[in-house]
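Step one of this worksheet: look at the structure below.
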Amino acid sequence: MAKGVKPRVKVPKTAAAGDVITIKTLISHKMESGNRKDSDGNKIPRSIINRFTCDFNGENVIDITMEPAISTNPFFEFKAKVPESGEFKFTWYDDDGSVYEASKEIAVS
Amino acid sequence: MKITMTLLAASALALSAGASLADGHERIEIDGVELILAAPAPDYVEHLDKVMSGWLFRSAETQALELDDFDNPAFVFIDKGIDLFNEVDGSEGKSCASCHEDVAEFAGLRASMPRVVDGKVQTMEDIVNDMRVNYMGAEPWKWSGGEMTSVVGLISLQSRGMPVDVKIDGDAAPFWERGKELYYTRVGQLDMACANCHEDNFGKMIRADRLSQGQINGFPTYRLKNAKLNSIHGRFKGCMKNIRAKPFKEGSEEFRALELYLASRGAGLSVESPSVRN
Amino acid sequence: MKFTRRDALALGLGATAASFLPLRAMAATTDEVIAAFTGGADIAEGGVSLTAPEIAENGNTVPVSVDAPGAAAILLIATGNPSPGVATFNFGPLAGAQSAATRIRLAGTQEVIAIAKMPDGSFGKASQTVKVTIGGCGG
């Protein structure tokens, strides 16, 4: 597991049924592109988060395939429909096999 | 002559900066806190009418990153700072939080830093390492290392919105004078002083980059260039390398004096830490 | 549309350079990335919007957003990067809009392309040139 990886997510706490809400996510990660060299001229191997998904109560909101061109500390902003109260689940998949997860509850009135 | 040059620089700024400056953003609000990003220059800043935050010199996209704490990538490091603040380290089995229950008690500290204590300029980094070594029995952190910038960022954030107000008289005076001298001394192969870029030519382009006044009210600052929090002394080193000078060391007497002088040049601006720059 | 002498020169250079292998290989990679996404289908102009700065202050972190109402997926490509793929946004049943924003790396001034895949199998495209500057002290 890459060191010091920390996810942040921003989801409104409440919404009305059927509302479209904006979600933002940020995760601390170097996103080593594989194109850089170290001070000795050796290639630094690629080490990125290659996929991010967001699901709500088991149903998919967005599924993003990521390449090395995504900036350090990957940020995403997107919209989700919330039909009922429940839980958003966020998952980031690292090249090294690590999986980082975060979740957020939302109450629908 | 000096005044004319400054006026010219200011008009060049207004002409070329487009919407971001033309509509006079001199106050912004972040998370419900108002920040003053331009203020009348203090009397001792002889050649400026107005002191201006570096935020005003950045593109609309870069500016936007700072306006929301979630969008601001510096906050992943602030989060790390919170973890470190609570993490027990060293022989005494203490964390920062063992003595300082709520980090909010540091509100106001950053606004008054650096300060002169026992005949020496004390910086935020000194305070953190003094606590680590003398109270926690822990190893000091590197001046510009990730741990230090994260915790300094977290403590500085507690003062966000407060006006920069450093003491420059009394026992601080000789250090302030020394800092001023450094600010106006040409060094390096390019034979340039801080003032040549940041006082005489702020607002103009240096290649594709717009020169700011070199204010330090937003440090530690997240730079898009290296995607991490940057310390004040680390930035000084970068500047000196750019003018092909041999940089002073982080924590050196020179950088301490310069930090005090530069902080005083930002008097009246709000503490803006952690800012976002290019 | 401003067309300066420098642009004309750059175009001329581009045309000459295209006959060299490395650049052709890179161009092919962009085509390959697109082909993998479209399966070789025709791509119409429009149906997707791409928002990116005209000039990026630093190529390390360039804010970009895409929006294609009704799309199943959007492919984002940076044609001038060592590998042109940036991201593919696949929208699930609970997507509130077929839009997303992110921050990307651009190795230099180049064309950024967004291609939307519609549920009926058609494709739409938008592109924008983003100038990436080499800073003085900031860059």
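So you know, we letter chains A, B, ... as the sequences are listed, proteins then strands, and number each from 1.
- Among the residues in residues 54-73 of chain A, those with a non-hydrogen atom closer than 4.5 angstrom to a non-hydrogen atom of chain C are A/Phe56, A/Glu59, A/Asn60, A/Val61, A/Ile62, A/Asp63, A/Ile64, A/Thr65, A/Met66, A/Glu67, A/Pro68, A/Ala69, A/Ile70, A/Ser71, A/Thr72.
- By a heavy-atom distance cut of under 4.5 Å, A/Ser33, A/Asn35 are the residues of residues 33-41 of chain A near chain C, going up by number.
- Residue A/Pro83 touches chain C through its side chain alone, counting heavy-atom pairs closer than 4.5 Å.
- The CZ atom of A/Phe52 sits 10.0 Å away from the OG1 atom of C/Thr102 when rounded to the nearest 0.5 Å.
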Verdict with supporting geometry, C/Phe89 and A/Phe76, side chain to side chain contact (heavy atoms under 4.5 Å, CB included):
CA-CA 10 Å; C/Phe89 303 93; A/Phe76 291 112; 3.9 Å; yes
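- For NZ of A/Lys89, the number of neighbouring non-hydrogen atoms (other residues, nucleotides, ligands) closer than 6.0 Å is 12 at most.
- No more than 12 heavy atoms of other residues, nucleotides or ligands lie within 6.0 Å of CG in C/Asp42, so this atom counts as exposed by the packing criterion.
- Ranked by heavy-atom pairs shorter than 4.5 Å toward chain A, the options C/Ala87, C/Pro63, C/Ala101, C/Ala100 are led by C/Ala101.
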Does the pair A/Met31 and C/Arg105 meet the rule for a side chain to side chain contact (heavy atoms under 4.5 Å, CB included), with working shown?
CA-CA 11 Å; A/Met31 294 292 282; C/Arg105 295 168 170 156; 3.5 Å; yes
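- Only the side chain of A/Leu26 comes within contact range of chain C, with heavy atoms under 4.5 Å apart.
- Heavy atoms of C/Ala97 lying under 4.5 Å from chain A belong to its backbone as well as its side chain.
- Taking CZ from C/Arg103 and CD from A/Glu77, the interatomic distance works out to 9.0 Å, rounded to the nearest 0.5 Å.
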